Amino acid sequence: RLDPAKMSSWFTVFMYLFASICIDVMGNLTYTLPGMGELGDFVWAPIASQIVTKLFDSKAFGWMEFVEEVTFLDFLPTATIAWVWYYWPFVVLGLQRTLCRCCGQRGQAYAIPKAKAKAKVRTEQR
C-alpha cells in the first residue's frame with residue numbers, strides 16, 4: 001500500500017482514478033478492431049497486470065486484472081474496483097463534507113459527534 005503522505009492530496013487520489021479508468025478502457029478498446037479482440041487482450045493482459053500491481057501495490061489485484069483480460073470478463077472494471085477498494089475512505093470523507101455543506105453544518109462530519117457521545121457514555125459507565 002501507499003503511504004498516507006502520498007494519499008493526502010485529492011489531486012493524487014483522482015489521478016489514480018483517472019489511471020484506473022484508462023486501464024479499464026484500454027482493455028475494452030481491443031474489441032474495437034475487428035478480429036483483434038482476444039489477441040489484443042493477450043498482449044494487454046501482462047502490461048495491465050503489471051501497471052495495476054505497481055499502482056496499488058497489490059499482487060492480488062494484479063492477478064485479477066490479468067485473469068479478467070485473458071478470459072471473457074472484459075466487462076468488469078477491475079482497476080477501477082481496485083481504486084474503490086483502496087480509496088473508499090476518501091470517497092466517504094468527500095461525501096460527508098459535501099453533505100455537511102449542503103445541510104449547513106460547517107464542515108462537521110456526522111460520525112464525529114456520535115463517536116464522541118459514545119466515548120462519553122463509556123467513560124461515565126466506568
Side-chain angles (χ1 to χ4, degrees):
R1 294 213 177 239
L2 297 174
D3 62 340
K6 286 186 180 179
M7 295 189 314
S8 64
S9 169
W10 283 96
F11 179 76
T12 304
V13 171
F14 285 110
M15 287 306 296
Y16 273 71
L17 175 61
F18 180 73
S20 299
I21 291 171
C22 287
I23 291 167
D24 290 328
V25 167
M26 286 295 295
N28 289 328
L29 281 179
T30 57
Y31 286 104
T32 59
L33 301 171
M36 294 296 293
E38 287 305 314
L39 179 63
D41 280 347
F42 281 115
V43 172
W44 175 245
I47 297 168
S49 174
Q50 286 298 314
I51 294 171
V52 169
T53 300
K54 298 290 183 193
L55 197 62
F56 298 106
D57 196 25
S58 171
K59 289 182 181 179
F61 278 117
W63 277 107
M64 287 171 57
E65 181 70 30
F66 183 81
V67 169
E68 178 234 333
E69 292 295 336
V70 172
T71 61
F72 296 103
L73 298 173
D74 286 338
F75 61 91
L76 293 174
T78 308
T80 307
I81 291 170
W83 181 87
V84 170
W85 180 268
Y86 189 68
Y87 286 110
W88 69 267
F90 284 98
V91 175
V92 171
L93 180 65
L95 287 174
Q96 276 187 336
R97 287 183 179 178
T98 303
L99 288 174
C100 291
R101 285 185 190 139
C102 292
C103 298
Q105 291 191 358
R106 298 189 185 253
Q108 294 178 351
Y110 295 113
I112 293 172
K114 290 180 183 177
K116 286 182 181 177
K118 286 182 181 178
K120 186 177 180 180
V121 169
R122 286 184 193 141
T123 55
E124 290 174 357
Q125 289 177 352
R126 291 182 185 177

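Only a predicted model underlies this, so the values are computations on that prediction, with no experimental measurement involved. Atoms considered below: every heavy atom in the structure, side chains included; atoms not considered: hydrogens, waters and symmetry mates. Count residues from 1 along the sequence.
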So, using side-chain hydrogen bond (donor to acceptor under 3.5 Å, both in side chains) as the criterion, who are the partners of Thr80 when residues are at least two apart? Asp24
Kindly compute the distance separating CZ (Phe61) from CH2 (Trp85), expressed to the nearest 0.5 Å. 6.5 Å
Atom of Gly62, atom of Ser49 and distance for their closest heavy-atom approach: O-OG, 2.9 Å
Considering only Ile, Leu, Val, Met, Phe, Trp and Tyr, and joining two whenever side-chain heavy atoms are under 4.5 Å apart, list the other residues clustered with Leu73. Phe75, Leu76
With rounding to the nearest 0.5 Å, note down the distance linking CD1 in Ile21 to CG in Leu17. 4.0 Å
Between Tyr16 and Phe56, the two heavy atoms sitting closest are CD2-CE2, 4.3 Å
Are Ile51 and Met64 in one and the same hydrophobic cluster, where Ile, Leu, Val, Met, Phe, Trp and Tyr link if side-chain heavy atoms are under 4.5 Å apart? yes
Are Phe42 and Val25 connected, step by step, through hydrophobic side chains (Ile, Leu, Val, Met, Phe, Trp, Tyr) whose heavy atoms are closer than 4.5 Å? no
Point-to-point distance, once rounded to the nearest 0.5 Å, from CH2 of Trp44 to CG of Asn28: 11.0 Å
Heavy-atom closest contact (Gly27 atom, Asp41 atom, distance): O-OD1, 3.4 Å
Where does the angle between the aromatic ring planes of Trp63 and Phe66 fall among parallel (under 30°), tilted (30 to 60°) and perpendicular (over 60°)? perpendicular
Would you check if Val52 and Ile23 make a side-chain contact, meaning some heavy-atom pair closer than 4.5 Å? yes
